[in-house]
Amino acid sequence: MATYAVISSATNICDNVVVWDDNLGPWNPPADHYIVNIDGVQAGIGYYYDPTTQVWTAPPSVNASFSPSPIFLSQSTTLTWESANATAVTVAGAAASLSGSQTFTPDKIGKFTVTVTATGLAGSTSTTSTVTVVATQSELVG
């Protein structure tokens with residue numbers, strides 16, 4: 001038995017993994033795809049494969065959170081984020097460092113949400129972080 005990754009020729013991203021009994025004869029990947037034997041390699045769906053270096057890159061991931069949270073109206077809060085396997089990050093649609101922090105001062109009571117997107121060789125992923133903005137101390141404990 002062998003384990004193969006089915007790779008899109010257009011993106012080099014693995015969109016299927018197949019376990020194949022070598023005694024059954026040749027197996028052909030779908031049109032516009034190629035296969036790579038991945039026995040013993042930690043790679044799976046969503047991974048990017050560089051055929052020149054034979055290196056697999058995992059999909060990007062990103063985490064983000066506000067601190068402090070909740071906050072009073074006109075108080076500042078800091079969004080901190082970290083990414084992995086990313087080549088670019090955007091915070092609220094603007095280019096940002098791969099990991100970092102940014103201060104926000106929301107101007108309305110309610111929920112304030114920011115989206116952080118990480119893009120890498122194996123695609124993109126986004127997360128949102130929300131901070132609650134209140135007017136008085138009683139709203140924090142109520």
Side-chain angles (χ1 to χ4, degrees), residues 1-22 24 26-142:
M1 292 236 180
T3 304
Y4 297 96
V6 183
I7 311 291
S8 166
S9 298
T11 64
N12 279 352
I13 295 177
C14 177
D15 57 16
N16 198 355
V17 175
V18 176
V19 177
W20 183 258
D21 183 338
D22 293 327
L24 294 178
W27 176 74
N28 293 316
D32 300 324
H33 286 69
Y34 60 94
I35 61 173
V36 175
N37 189 326
I38 62 171
D39 285 350
V41 176
Q42 294 294 322
I45 295 172
Y47 278 64
Y48 172 84
Y49 180 71
D50 183 336
T52 304
T53 62
Q54 298 183 353
V55 173
W56 291 90
T57 302
S61 62
V62 64
N63 295 306
S65 62
F66 279 109
S67 181
S69 178
I71 61 170
F72 292 113
L73 185 61
S74 78
Q75 183 180 5
S76 294
T77 184
T78 301
L79 177 72
T80 302
W81 67 91
E82 292 183 1
S83 69
N85 300 315
T87 56
V89 169
T90 61
V91 175
S97 60
L98 299 181
S99 296
S101 62
Q102 183 174 339
T103 300
F104 291 88
T105 307
D107 60 359
K108 295 179 184 170
I109 294 170
K111 303 282 186 191
F112 179 78
T113 301
V114 172
T115 300
V116 180
T117 301
T119 302
L121 295 172
S124 294
T125 189
S126 295
T127 190
T128 58
S129 188
T130 301
V131 61
T132 300
V133 182
V134 297
T136 66
Q137 179 72 25
S138 64
E139 291 178 291
L140 288 178
V141 294

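Numbers for residues simply follow the sequence, beginning at 1.
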Under 3.5 Å donor-acceptor, S83 side chain and L98 backbone: yes
Using only atom types and a distance under 3.5 Å, with no angle test, would you say the side chain of S9 pairs donor to acceptor with the backbone of D32? yes
Closest contact, heavy atoms only, [X] versus [Y]:
| X | Y | value |
| --- | --- | --- |
| T87 | G120 | OG1-CA, 3.7 Å |
| G93 | T90 | C-CB, 4.1 Å |
| G123 | I13 | N-CD1, 4.1 Å |
| S61 | A118 | O-CB, 4.1 Å |
| N37 | Y4 | CA-CD2, 3.7 Å |
| A122 | P59 | CB-CA, 3.7 Å |

Let me have the donor-acceptor pairs involving side chains of residues 70-81, under 3.5 Å, with sequence neighbours excluded, atom names and distances please.
residue: Q75; atom: OE1; partner: F72; partner atom: N; Å: 2.9
residue: S76; atom: OG; partner: T105; partner atom: OG1; Å: 2.7
residue: T77; atom: OG1; partner: S67; partner atom: O; Å: 3.4
residue: T77; atom: OG1; partner: P68; partner atom: O; Å: 2.7
residue: W81; atom: NE1; partner: S97; partner atom: O; Å: 3.0

More than 12 heavy atoms of other residues, nucleotides or ligands under 6.0 Å from CD of Q102: yes or no?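 Yes, CD of Q102 has more than 12 neighbouring heavy atoms, counting only those of other groups under 6.0 Å.
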Parallel, tilted or perpendicular: which one describes the rings of F104 and F66, with boundaries at 30° and 60°?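 If you compare the ring of F104 with that of F66, the planes turn out perpendicular.
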Can you measure from CD1 (I35) to OG1 (T3) and round to the nearest 0.5 angstrom?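 Answer for the CD1-OG1 pair, I35 versus T3, is 11.5 Å.
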Quick test of your reading: applying side chain to side chain donor-acceptor pair (under 3.5 Å), list the pairs with at least one residue in residues 110-129, sequence neighbours left out, ordered by first then second residue.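 Found K111-T132, T113-T130, T117-S126, T119-S124.
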Check whether any side-chain heavy atom of D50 sits under 4.5 Å from a side-chain heavy atom of T57, and report yes or no. no
Would you kindly say whether D15 and H33 are connected by a side-chain donor-acceptor distance under 3.5 Å? yes
Looking at residues at least two apart in the chain, or sitting in another chain, which of them share a side-chain hydrogen bond (donor to acceptor under 3.5 Å, both in side chains) with N12?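 With neighbours one apart ignored, the set is Y34.
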